[in-house]
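First the structure, in the form of structure tokens, and then the observations on it.
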Amino acid sequence: MEQAAKVAHKRPRKKPDPPSKDDGRSRAHVPGRLMARSFFERHTDYVAPRLLGKLLVRWTDDGPIVGRIVEVEAYLGPHNSPPDPAAHSHRGPTPRNLVIFGPAGHSYVYAIYGKYFCMNVTCEPEGQAGCILVRALEPVGNFSTAQMAKNRGLRSDAHVRQLASGPSRLCLALGLTRAAHNGIDLLDPASSLQLRDDGFATTEAGVTPRIGIKHAVDWPLRFVLPGHACLSGPRGLVGKCVFVG
DNA sequence: AGGCCGATCCTCT
DNA sequence: GAGGATCGGCCTA
């Protein structure tokens, strides 16, 4: 059984390389710059729509698999009023959800339905809980597209929507598991999983209720790039749009 | 100690 | 649009 100590043990403890080594060229060619911790040390529902357009990068032996985030959901910590009854952190820390209560900018990966995983990004200042479920990616570049198709068991000419549109599909596409990727610092130059910013500018986000939950079903905490081809689920789920400043 | 169920995906009708 | 797969974690007794 995975206990809290084991989860905490997965936190990177080696000293990060100097920021100057991560200028987008020190490793194999990959777009953008590593994101800043301060971006995530804010209210989860503030960060969520602003995470749209950013890059999730999984480094493999063969090279980086890169996806642009096009759909997310915010899950709020128990310090909010009223508390978010759909969040895993709702009833306080447990061995499974401990990462959510840790520092911002880390990955929270959990198992669901016996065979799948979902990946979140932690937010809020240290000591407070909150995380963002990454629900869909657009593959960036031919290598990423090919690797995602391979990892998903699809033909190389599969439609782009088939690759990483859905929280567990994207974990399959990137090869993410709880055992290997829970509690990773996504903002560390040495990490195998990173969040990067290539300057993609988001001015608008579609807002809808969250998908697949039984509590707080009408809370408007799902955010999408309006009309994007890689959104998960059936069409027509894009609600009103809000300006993202 | 045991039962229940899920932030899903895929197949079939 | 509906239903089955499949199991770790959380709740109740």
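We name chains A, B, ... by the order of the sequence lines, and we start the count at 1 in each one.
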If you measure from the C1' atom in B:dC5 to the same atom in C:dG3, how many Å do you get, rounded? 16 Å

Check salt bridge (Lys or Arg N to Asp or Glu O under 4.0 Å) between A:R152 and all other residues, then give those that pass, not counting sequence neighbours. none

Flag, side chain of A:T145 to backbone of A:P139, donor-acceptor distance under 3.5 Å: no

Return the set of residues passing side chain to side chain donor-acceptor pair (under 3.5 Å) with A:D84 (not counting sequence neighbours), or none when no residue passes. A:R210

Could you list all the salt bridge (Lys or Arg N to Asp or Glu O under 4.0 Å) pairs where at least one residue sits in residues 111-123 of chain A, not counting sequence neighbours? none

Report, one line per pair, each donor and acceptor closer than 3.5 Å where one atom sits in a side chain of residues 163-171 of chain A; sequence neighbours left out.
unit_1 : atom_1 : unit_2 : atom_2 : d
A:S165 : OG     : A:R161 : O      : 3.0
A:S165 : OG     : A:C230 : O      : 2.5
A:S168 : OG     : A:F117 : O      : 2.9
A:R169 : NH1    : A:S165 : O      : 3.3

Go through DNA chain C and write down every stem, that is, every run of at least three consecutive Watson-Crick or G-U wobble pairs with distances under 3.5 Å, as range with range. B:1-6 with C:7-12, B:8-12 with C:1-5

What salt bridge (Lys or Arg N to Asp or Glu O under 4.0 Å) pairs are there with at least one residue in residues 59-69 of chain A, not counting sequence neighbours? A:R68-A:D198

Could you list the protein-to-nucleotides 11-13 of chain C atom pairs, N/O on both sides, closer than 3.5 Å?
unit_1 : atom_1 : unit_2 : atom_2 : d
C:dC11 : OP1    : A:R91  : NE     : 3.4

Would you kindly give the CZ-to-P distance between A:R210 and B:dG6, to the nearest whole Å? 15 Å

Heavy atoms under 4.0 Å is the rule here; annotate nucleotides 7-13 of chain B 5' to 3' with B where the base is hit, S where only the sugar-phosphate is, and - elsewhere. BBSS---

Run the salt bridge (Lys or Arg N to Asp or Glu O under 4.0 Å) test against A:E73 and tell me which residues pass, sequence neighbours left out. A:R135

Scan the side chains in residues 40-48 of chain A for donor-acceptor partners under 3.5 Å anywhere in the protein, sequence neighbours excluded, and list what turns up.
unit_1 : atom_1 : unit_2 : atom_2 : d
A:T44  : OG1    : A:E124 : OE2    : 2.9

Sequence-distant partners of A:R50, salt bridge (Lys or Arg N to Asp or Glu O under 4.0 Å), two or more places apart: none

Apply ring pair (Phe, Tyr, Trp, His ring centres under 6.0 Å) to A:Y110 and list each qualifying residue two or more places apart in sequence or on a separate chain. A:H88, A:Y108

